[in-house]
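Report on the structure given below.
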There are 4 protein chains.
Amino acid sequence: MRTALELFTTLGYHDTTTALIARKAGIAEGTIYRHFTSKQQLVNELYRAAQRWATKLVQDAAHDRDAGAARAQLTAIAHGLIEGAAHETAVVKLGLLERLDGVLDDESRRTRRDFQVALERVVAEGKAQNAVRAGAVEIWAAVWLATLSHALEKVVAGDWKPPDTGVRLIIDAAWRAISV
Amino acid sequence: MRTALELFTTLGYHDTTTALIARKAGIAEGTIYRHFTSKQQLVNELYRAAQRWATKLVQDAAHDRDAGAARAQLTAIAHGLIEGAAHETAVVKLGLLERLDGVLDDESRRTRRDFQVALERVVAEGKAQNAVRAGAVEIWAAVWLATLSHALEKVVAGDWKPPDTGVRLIIDAAWRAISV
Amino acid sequence: MRTALELFTTLGYHDTTTALIARKAGIAEGTIYRHFTSKQQLVNELYRAAQRWATKLVQDAAHDRDAGAARAQLTAIAHGLIEGAAHETAVVKLGLLERLDGVLDDESRRTRRDFQVALERVVAEGKAQNAVRAGAVEIWAAVWLATLSHALEKVVAGDWKPPDTGVRLIIDAAWRAISV
Amino acid sequence: MRTALELFTTLGYHDTTTALIARKAGIAEGTIYRHFTSKQQLVNELYRAAQRWATKLVQDAAHDRDAGAARAQLTAIAHGLIEGAAHETAVVKLGLLERLDGVLDDESRRTRRDFQVALERVVAEGKAQNAVRAGAVEIWAAVWLATLSHALEKVVAGDWKPPDTGVRLIIDAAWRAISV
DNA sequence: CATGAATGAGGCTTCATTCAT
DNA sequence: AATGAATGAAGCCTCATTCAT
């Protein structure tokens, strides 16, 4: 799975062949099919794990600062994601930056939804605190993440290392985009 | 080309087969190869056209409001892109929202660069006007676009129709993200 | 036809495309089909011309030295072929050195036969003069040509220029192979 | 491999399709590519095997009659090749009679060279014994083989069966062509 | 008579998946 | 449970030939 994750995020879904996964992982090609029914199921499994990781991160950050300012919660989440981009590069790539449209199954889309909902809950709290602008929370959660994504891309590409000025600027920018 | 553009943005590069393009376009498969040397060259040609369209849009908007406020220029650009997302859906999808990493050739990357540079020029003007925050223009140009992209996705998906509240909110958010 | 001849002998039958012939000849691809019903008929036409050239050469050399020694006739033929290999390279290549097995039609095989028969007539004369060894004339004609072919290959490849020692040696060797 | 060898020597390289090889061999087309990277590599592999067979034959014949007369060595080689033409028809066809110019890779050309060198060594010995005529050994080795080839063609075509008068005549002719 | 764009059959190759060992 | 050779559908591309202009 680790090998597959690495390859999917490096070469993309289509250019990652089962033969390559097996060779790099030091197993036989057929062995893959004793654990997953298909290549598609394999990415989905990896994708869901990535989503769960991100969701947990959001929930934990929110819970740790329960009743605190929404901005502080989002900042904590942002740092957590950036940290992940630096040390669990492939996970962040597959879960947040890759485009897997045609390959994801229903369960994966549901897991994705869970992550979005968790993030929206935090934004909703911000709205309750009158810190977030008027407008649907779905929009602001998505906008905040889209803005932050540029920093994630940079970190994932190795252009930026975590305690980078650019990262701080963008976390701040993401907040400005959605705050009153 | 129109058929190919439609399919590439609907199914993605890999799931769009030459046989399918030909069938939908009502031509023979071999005919594709009298106009393009390969499937890859075909996407690249389409991609470059999309980039040129976007670049021109940025340049025109900037030129029309020469010496005007950077914010007004960016707003004009945003509306132009949104308009494009509504009426030339596939062009915007292929040029700004698709992920074509492994398929683009050098010339395409150069054309992409032209677009980024054009956008950065506008942001640089904003900095000169003390309207844009401290930090590299490359970052703010990219952040502005990343933020706006969420609106483009919505419009492209048909969820939002151009004079939509969401669109106005996000254009505003993109500006807030990068302005002082 | 000249262009086609050149290409067939340079690239071989299969690697010579009708598109290439047309381009190099400065005509349209379709024009080929106003003169020949197919690519195959085109090679056959060229092949037959080459055979006729070679047959005429044999007949002329024999006639000029009518009633002379067979060896002198064969030597004259050899020099004629070598001369052809030097100045009409492509003709000799297509007619005597190329392997066109699957492409030749019945008429071409007949024309080929004519050439062989002409050569055998000379060898038969040699036998009548008790200058050629015992054994079927078909064999000795073919053996003589096979031996000479090595010189033709060398000349055709540009390794040897006509008044070359190697050429003389081989013409001599070919005669020795079949003479008493 | 046996099926491919048979087809290549019967239909030629271009008219032998991978689909045909697979069908005749009773395997799937894709299976070919688990053993060879391409159709071209497949012929090259077969070609090299044929060359090695011929080279070994030359070396063995020479070694068995070490210090013996060169003529005897060449006669032994000739009989070996004729024998091969009779019983391993396809091997001789592919290795010595086919024209594979555009398809052979560097290694194959090197293997071909090995065979020629082995044959030249025998001819050189003949020269040292003053049995072979003046002139480069490369020439006489090639001439001897070219002359013999006519017999190989006949045997390969099934026109002659090994202990045939024609064969003996030609082996003799080949020697006469190059001997003093 | 020449043109050259269009055709479509067919070639080579890849690759996710299966199954006997 | 793991293996890895075999599978065969399907993909991209070539090219001799046709035909409307």
Side-chain angles (χ1 to χ4, degrees), chain A residues 4 7-8 11 13-23 25-43 103, chain B residues 4 7 11-23 25-43 103, chain C residues 4 7-8 11 13-23 25-43 103, chain D residues 4 7 11-23 25-43 103:
Chain A
L7 288 171
F8 282 138
L11 307 178
Y13 178 71
H14 280 98
D15 292 343
T16 299
T17 64
T18 51
L20 188 58
I21 296 172
R23 192 163 66 251
I27 60 167
E29 211 173 342
T31 305
I32 295 173
Y33 290 85
R34 296 200 60 75
H35 301 277
F36 306 95
T37 61
S38 69
K39 182 184 162 187
Q40 196 177 164
Q41 200 221 329
L42 171 51
V43 235
V103 201
Chain B
L7 289 172
L11 308 178
Y13 179 72
H14 279 99
D15 291 342
T16 299
T17 66
T18 51
L20 188 59
I21 296 172
R23 191 163 64 251
I27 60 169
E29 208 173 344
T31 304
I32 295 173
Y33 293 86
R34 290 196 64 77
H35 301 279
F36 307 95
T37 59
S38 66
K39 183 184 162 190
Q40 196 178 159
Q41 200 220 329
L42 172 51
V43 234
V103 199
Chain C
L7 290 172
F8 281 138
L11 308 179
Y13 179 72
H14 279 98
D15 291 344
T16 299
T17 65
T18 51
L20 188 58
I21 295 172
R23 191 162 68 251
I27 60 167
E29 210 172 342
T31 306
I32 295 172
Y33 290 84
R34 296 201 62 75
H35 300 278
F36 306 95
T37 60
S38 68
K39 183 184 163 188
Q40 195 178 159
Q41 200 221 329
L42 172 51
V43 234
V103 200
Chain D
L7 289 171
L11 307 178
Y13 179 72
H14 280 99
D15 292 343
T16 300
T17 66
T18 51
L20 188 59
I21 295 172
R23 191 163 65 250
I27 59 169
E29 209 172 343
T31 305
I32 296 173
Y33 293 86
R34 290 196 62 77
H35 301 278
F36 306 95
T37 59
S38 67
K39 182 185 162 188
Q40 197 178 161
Q41 201 220 328
L42 171 52
V43 236
V103 200

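By convention in this document, chain letters (A, B, ...) are assigned in the order of the sequence lines, proteins followed by strands, and residues within each chain are numbered from 1. Just so it is clear, the model here is predicted, and its values are computed rather than measured.
Using a 4.0 Å heavy-atom cutoff across all strands shown, C/Thr37 reaches no nucleic acid atom at all.
Taking atom CZ on A/Arg23 and atom P on E/dC15, their separation rounds to 11 Å, with Å as the unit. In this structure, CG of D/Asp15 is placed 13 Å from P of F/dA16, rounded to the nearest angstrom. Remark: P of E/dT14 and CZ of D/Phe36 are 15 Å apart, rounded to the nearest angstrom. Following rounding to the nearest Å, B/Ile21 (CD1) and F/dG11 (P) show an atom-to-atom distance of 11 Å. When the C1' atom of E/dG11 is taken as reference, atom CG of D/Leu42 falls 15 Å away, rounded to whole Å. For A/Gln41 and E/dA16, the CD to C1' distance is 14 Å, given to the nearest whole Å.
Across B/Gln40 and B/Val103, no two heavy atoms sit closer than the pair OE1-O, 2.9 Å. Across all their heavy atoms, A/Glu29 and A/Ala19 have their closest contact at OE2-N, 3.5 Å.
Phosphate proximity of F/dC12 to B/Thr18: present, with a side-chain N or O under 4.0 Å from OP1 or OP2. Contact check, B/Tyr33 against F/dC13: a side-chain N or O comes under 4.0 Å of OP1 or OP2.
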task: Would you sort out whether C/Leu42 and C/Ile21 count as a side chain to side chain contact (heavy atoms under 4.5 Å, CB included), showing the intermediate values?
output: CA-CA 11 Å; C/Leu42 172 51; C/Ile21 295 172; 4.2 Å; yes
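The side chain to side chain donor-acceptor pair (under 3.5 Å) test with A/Thr37 singles out one residue from A/Gln41, A/Lys39, A/Arg34, and that residue is A/Gln41.
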Dump the pairs, protein N or O against N or O of nucleotides 2-5 of chain E, anything under 3.5 Å, distances to one decimal.
unit_1	atom_1	unit_2	atom_2	d
E/dT3	OP2	C/Ala28	N	3.1
E/dT3	OP2	C/Thr31	OG1	2.4
E/dG4	N7	C/Gly30	N	3.1
E/dA5	OP2	B/Arg34	NH2	2.9

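Separating the CZ atom in D/Arg23 from the OG1 atom in D/Thr17 is a distance of 7.0 Å, to the nearest 0.5 Å.
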message: Let's test your reading of the pairing rules: Watson-Crick or G-U wobble, both distances under 3.5 Å, then write DNA chain E as a dot-bracket string with ( ), [ ], | and dots.
response: .||||||||||||||||||||
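Using a 4.5 Å heavy-atom threshold, the side chains of B/Leu20 and B/Leu11 count as touching.
Nearest-nucleotide positions on DNA chain E place D/Tyr13 closer to the 5' end than the other of A/Lys39 and D/Tyr13. Of the two residues near DNA chain F, B/Thr16 and C/Gln40, the one whose nearest nucleotide lies more 5' is B/Thr16.
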